[in-house]
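Working notes for the structure below.
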2 protein chains.
Amino acid sequence: MARTGRPREFDRDKALDAALVLFWEQGYEPTSLNQLKACMGNISPASFYAAFGSKEALFREVVQRYLQTHGQVMAPLWDETLSPRDAIERTLRASARMQTTRTHPQGCMMVLGACNCSPENQPVQSLLEDERARNRSGIAACVRRAVISGELEDSAATEVLPTLFATFLHGLSCEARDGNKAKKLDTAVTMLMQIWDNLAEASGTASRHS
Amino acid sequence: MARTGRPREFDRDKALDAALVLFWEQGYEPTSLNQLKACMGNISPASFYAAFGSKEALFREVVQRYLQTHGQVMAPLWDETLSPRDAIERTLRASARMQTTRTHPQGCMMVLGACNCSPENQPVQSLLEDERARNRSGIAACVRRAVISGELEDSAATEVLPTLFATFLHGLSCEARDGNKAKKLDTAVTMLMQIWDNLAEASGTASRHS
DNA sequence: CTATTTCCGTACTGATTAATATGGAAAACT
DNA sequence: AGTTTTCCATATTAATCAGTACGGAAATAG
């Protein structure tokens with residue numbers, strides 16, 4: 001445990017953050033080790049591999065860091081103290097704001113981070129695919145809660161609600177990357193939530209009739 | 001005009017189609033010339049460069065071909081014989097169906113074809129970005145038509161309608177690529193169109209009141 | 001101090017990248 | 001036939017890719 005020997009000269013956390021930004025901006029494959037080493041403080045190949053193992057291992061670590069920081073905009077989906085509708089709305093609004101913030105690359109890294117991959121990097125692609133699947137199941141869980149609580153009725157329309165929200169959520173990345181402003185996307189969220197309200201009203205009417 | 005000399009041995013059109021599928025599946029950068037030449041009928045480098053000029057030139061040609069075939073699902077947006085609402089609905093439904101068809105890669109090539117690019121390939125990225133901008137302005141044109149015809153009123157909500165539809169449209173690529181089924185996405189379109197109807201109804205009510 | 005341990009600068013690996021050079025074969029025109 | 005034109009197989013280019021080998025420098029432990 002007591003670390004002996006020469007201590008590393010660069011800040012591992014800072015290097016990780018720098019790599020995060022680069023991967024976020026360019027995606028996994030086009031980002032070269034030379035670029036990475038440069039932005040991580042001109043570290044040497046020896047230092048890089050000693051500290052992070054490989055390009056793929058670094059990327060996996062970067063993804064974890066992203067999820068624990070910027071990715072926390074998705075957290076409301078699993079917060080059962082929030083009403084299902086509120087959870088989804090908060091998630092969409094926070095995502096829209098985060099993805100358009102200019103202090104880092106635009107769009108969501110889980111959507112844009114490994115879009116274009118050679119067959120050999122399929123595992124990296126799957127890593128992000130799994131995260132997107134988590135998003136969908138989080139939304140689906142909210143809808144399920146709303147059905148159980150009676151806020152929504154268990155109809156065919158309710159069943160595709162998760163797909164609708166997920167499509168919009170993941171579409172935000174494209175819009176943010178292409179330069180759409182936070183306010184516009186936020187207002188779009190407001191309008192999208194009308195669909196929930198339409199269904200909730202229908203359910204309320206139905207239960208009032210029963 | 002009269003072509004003399006030895007005729008080329010491979011079918012240029014077939015080769016272009018094969019390249020289209022490969023680019024569509026993997027994206028611009030990860031697709032190597034070796035892969036391209038292989039799928040285009042094991043043509044030689046000499047044949048490749050003689051016929052297509054360069055990887056980027058081939059990609060640009062592929063994009064044009066895509067737009068003239070699969071990309072025609074966007075055509076309703078510029079068809080003024082259709083009602084604005086119908087134009088958007090047809091576009092979304094046709095996109096959802098096309099992007100989930102299993103006879104070719106899933107998702108839209110204009111969204112997924114050059115997501116991850118090195119700085120040096122920025123021009124390629126911009127090429128697709130421009131096409132996505134065209135999509136947005138097509139949707140915006142439909143909304144403008146609806147405002148002029150009185151179907152929608154000129155409100156703040158109406159103003160973000162294009163952003164809402166564009167976000168959904170471009171989000172379809174992510175959902176299709178991740179394996180969502182045509183029917184689910186189509187039903188999601190049905191629900192999304194409710195927002196148009198909400199606004200149209202409000203406009204109708206307003207004009208009835210005036 | 002010496003011994004140990006880790007870090008890092010440099011050089012280098014083999015593989016792959018997009019793109020070219022060369023030269024013979026094949027087809028068409030005269 | 002003879003000439004011209006194009007096509008294509010092969011070999012090769014310089015650059016870059018991710019990842020390693022090695023050896024001196026630096027810091028801690030005793």
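Convention: sequence-line order gives letters A, B, ...; per-chain numbering from 1. Just so you know, these numbers use all the heavy atoms, side chains as well, and skip hydrogens, waters and symmetry mates.
- Ring to ring, A:Phe168 and B:Phe168 are not that close: their centroids are 6.0 angstrom or more apart.
- Ion pairing between B:Asp186 and B:Arg97 fails under the 4.0 Å rule for side-chain N and carboxylate O.
- For B:Tyr49, the side-chain contact (heavy atoms from CB on, under 4.5 Å) criterion is met by B:Leu33, not counting sequence neighbours.
- The interatomic distance linking B:Leu36 (CG) with C:dA18 (P) rounds to 8 Å, in whole Å.
- Taking a cutoff of 4.0 Å between a charged side-chain nitrogen and a carboxylate oxygen, B:Arg90 and B:Asp79 do not qualify as a salt bridge.
- For B:Arg12 and D:dC7, the CZ to P distance is 11 Å, given to the nearest whole Å.
- The cationic atom of A:Lys55 (NZ for Lys, CZ for Arg) does not lie both less than 6.0 Å from the six-membered ring centre of A:Phe23 and within 45° of the ring axis.
- Atom OH in B:Tyr49 sits about 17 Å away from atom P in D:dT13, given to the nearest Å.
- Distance CZ (B:Phe59) to C1' (C:dA18): 16 Å, rounded to an integer number of Å.
- One interatomic measurement links the two molecules: CD of B:Glu56 to P of C:dT17, which rounds to 18 Å at whole-angstrom precision.
- B:Cys108 is not listed as a side-chain neighbour of B:Arg177, based on a closest heavy-atom distance of 4.5 Å or more.
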## Note on the structure
Letter by letter from the 5' end, nucleotides 4-12 of chain C scores (B base, S sugar-phosphate only, - none; protein heavy atoms under 4.0 Å) -BBBBBBB-
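- For the segment residues 24-33 of chain A, residues with any heavy atom less than 4.0 angstrom from an atom of DNA chain D are, sorted by number, A:Thr31, A:Ser32, A:Leu33.
- Between A:Asn34 and D:dT16, a side-chain N or O to OP1/OP2 separation shorter than 4.0 Å is absent.
- For A:Leu58 and D:dC17, the CG to P distance is 16 Å, given to the nearest whole Å.
- Here the closest non-hydrogen pair linking B:Glu80 and B:Arg145 is O-NH1, 3.5 Å.
- Residues A:Glu89 and A:Trp196 have side chains that never bring a donor and an acceptor to within less than 3.5 angstrom of each other.
- Atom pair B:Phe52:CZ and D:dC7:P shows a separation of 12 Å (rounding to whole Å applied).
- Taking atom CG of residue B:Asp11 and atom P of nucleotide D:dC7, one finds them 14 Å apart after rounding to whole Å.
- Residue B:Arg12 holds its CZ atom at 4.5 Å from CZ of B:Phe52, rounded to the nearest 0.5 Å.
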